[in-house]
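No experiment lies behind these values; they were computed from the predicted model shown. Residue numbers start from 1 in every chain, and the chains themselves are labelled A, B, ... in the order their sequence lines are given, proteins ahead of strands. Keep in mind that the numbers below use all heavy atoms, side chains included, and drop hydrogens, waters and symmetry copies.
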Number of protein chains: 2
Amino acid sequence: MSSVRLSTTSYVVLGMIALRGPSTPYDLKRAIGRSVGYFWSFPHAQLYSEPKRLEHAGLLELEEEQHGRRRKLYTITGEGETALRNWLSEPVNAHFELRDVAEIKLFFNELATPADVARLASGQIEQHERRIAEYESMQKRYSDIDDVASRMVTLELGLGMERAALDFWRDVAGRVERGEFPAPPAREAARRRARKAT
Amino acid sequence: MSSVRLSTTSYVVLGMIALRGPSTPYDLKRAIGRSVGYFWSFPHAQLYSEPKRLEHAGLLELEEEQHGRRRKLYTITGEGETALRNWLSEPVNAHFELRDVAEIKLFFNELATPADVARLASGQIEQHERRIAEYESMQKRYSDIDDVASRMVTLELGLGMERAALDFWRDVAGRVERGEFPAPPAREAARRRARKAT
DNA sequence: TTCTGGACAGTCTGAAACGGACGATTTCAA
DNA sequence: TTGAAATCGTCCGTTTCAGACTGTCCAGAA
C-alpha cells in the first residue's frame, strides 16, 4: 500500500512467488539457492524480512500461518503481479558487476610473489572446473523437464562465463609458468617503493 | 592496532595506496573508478570512512592534512603492507558473483512477454558491445605503458566475460526472433496461474 | 573586480544487506 | 525414547549502499 522502494531482492522474492505459487520464506531460500543464488546470493535473513515488507506494501498476502513451526505462506497479489510485470518490461540500465576477489588479487599482482599468483591461478582453475561440471550436470538433469526449460537459459550464461574465466586463468597460469608474469620490472619497482615506505 | 575485521573493501584501499603511494580518499575514488570499479563498485562514501578505520587499526597513517580543502593524505604502514601481502597469499575460497539484473529478468522470462525479452536482449547486446569497445580502447591506450601493463591483465578477464555475455545475448535475441523463446507452453501455464491468482 | 557556474572534495543519513549466532521444531534411526 | 541431525525461523550488530547535501576552488563572463 504505502510506497516502498523496491530493490532487486524485492523482485526476486516477488518473481519466485509468482513462478512457484504460495511459498514460505524457507521455500524461497531453497528455490533461490538452487537457481539465481548461483549468480547473486541473498542472505537468508533477508528472505524472511523482505516478504514482510512486501506484504505491508500490498504486493504479497500472508495466506496462512501454521502452528508449531510458525511458517508463513505468502501469495502474490494482483498489485504484486503488476509491479513485477512492470519491472520486467523496464529496460536495464545498470551494467553487471563481477564480484570476484580473485580478480582483485590479480589486479594487485605487482605486490605479490609469482608463487602467490601461481597458486591463485591454479585455485581458480580448480574452482571454475568444478563449477562447470556442476552446471553441466544440472543441464543434463533438467534438459527434458519441460516445465523448467525456460529457466535453464540463464544456466547457459553461467556456463559461458565460467568457461571464459577458466580460459583466462589457464592463460594466466601458463604465463606465470613461463616467467612472463608478474612482469619482473614492475615487481621490482613495487618492491623498491615498499622498501622505501617501511 | 585494535583488531578490526578487514573486508575486500579494506584490501582494495590498502592495495591502491600501496600501488600509488600516499593518496587522499578522492584519489582512491578516481583510481578505483578507472580500474577495479569496472567489476566491483565501491560507494564513494566508503572510501572516506574506510581509510579512517584502517588508520585506527594501524594499517594506514594520516600523513598530512591540507588547509582550506581539508584533504587527508594516507600512507600505508609496515603493518598495512604485511596485512596486504598476507591476504594476497591466502587462497580464495569464495566463488565470484555475477550481479546482473538482466540475467535475473531473463530467469523470469516465463512471466514476461516475448517483446519484453526481445527488448531486454537487444539492450544487453548494445551495452556489452559498448563496454567491449571501451575495454579495447583502454587496452590499446595502455598497452605500451610498461608501468601499468601488469594491472591490465584483469582487463582481459573483463573482455572475456563481456564477449561471453555478448554471445549469449545474441543467441537469446535470435531465439526470440525465431519464436523459440520464451517457450510458449510455459508462458501459457504462467498466464493461467496468473489469472487464477488475480 | 565581482559574480557565477561547474568541477572538485568531502560529510551525513537512513535504509538495505550481511552473516552468523542462536532457538525452536521435526524427523528418523539407534 | 531419546537424542542427533536436519529443518526452519529470529535476532542482532556491522557493513554497505545510494544519494542528498555542504563546502571549496577556479575560470571566464559581466
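- Between B/F42 atom CZ and C/dC18 atom P there is a gap of 14 Å when expressed in whole angstrom units.
- Contact annotation: A/K72 reaches the phosphate of D/dT10 (side-chain N/O to OP1 or OP2, under 4.0 Å).
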Dump the pairs, protein N or O against N or O of nucleotides 13-16 of chain C, anything under 3.5 Å, distances to one decimal.
unit_1	atom_1	unit_2	atom_2	d
C/dA16	OP1	A/R53	NH1	2.9

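- The nucleotide whose nearest atom lies closest to any side-chain atom of B/R71 is, among D/dT10, C/dG10, D/dT16, C/dG10.
- Using the six-membered ring where Trp is involved, B/Y135 and B/F39 have ring planes that are tilted, between 30° and 60° apart.
- Among residues two or more places apart in sequence or in another chain, the side-chain hydrogen bond (donor to acceptor under 3.5 Å, both in side chains) test is passed with B/E177 by none.
- In this structure B/T8 satisfies the side-chain contact (heavy atoms from CB on, under 4.5 Å) test together with A/V101, A/I104, B/V12, B/W40, sequence neighbours excluded.
- Between B/L47 atom CG and D/dT15 atom P the separation is 16 Å, expressed in whole Å.
- Both B/E97 and B/D27 sit near DNA chain C, but only B/D27 has its closest nucleotide nearer the 5' end.
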>> Using side chain to side chain contact (heavy atoms under 4.5 Å, CB included), reason through B/K105 and A/W87 one step at a time and then give a plain yes or no.
In response: CA-CA 8 Å; B/K105 288 193 180 184; A/W87 178 72; 3.4 Å; yes

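- Distance A/L28 CG to D/dT7 P: 17 Å, rounded to the nearest Å.
- Every residue two or more places apart in sequence or in another chain was checked for a side-chain hydrogen bond (donor to acceptor under 3.5 Å, both in side chains) with A/R130, and none qualifies.
- Nucleotide D/dT15 holds its P atom 15 Å from the NZ atom of B/K52, rounded to whole Å.
- Side-chain nitrogen and oxygen atoms of B/Y48 include none within less than 4.0 Å of the OP1 or OP2 phosphate oxygen of C/dT11.
- By the salt bridge (charged side-chain N to carboxylate O under 4.0 Å, His left out) test, A/E50 pairs with A/R53, sequence neighbours left out.
- Every pair passing salt bridge (charged side-chain N to carboxylate O under 4.0 Å, His left out) that includes a residue from residues 25-43 of chain A is listed here, sequence neighbours excluded: A/R20-A/D27.
- Rounded to whole angstrom, the span from the OH atom of A/Y26 across to the P atom of D/dT7 amounts to 5 Å.
- For A/P43, whose side chain is taken as the heavy atoms from C-beta onward, the closest listed nucleotide among C/dA9, C/dG19, D/dG9 is C/dG19.
- Toward the 5' end of DNA chain C, the nearer of the two residues B/H44 and A/H44, judged by each one's closest nucleotide, is B/H44.
- Using a 4.0 Å heavy-atom cutoff across all strands shown, A/S10 reaches no nucleic acid atom at all.
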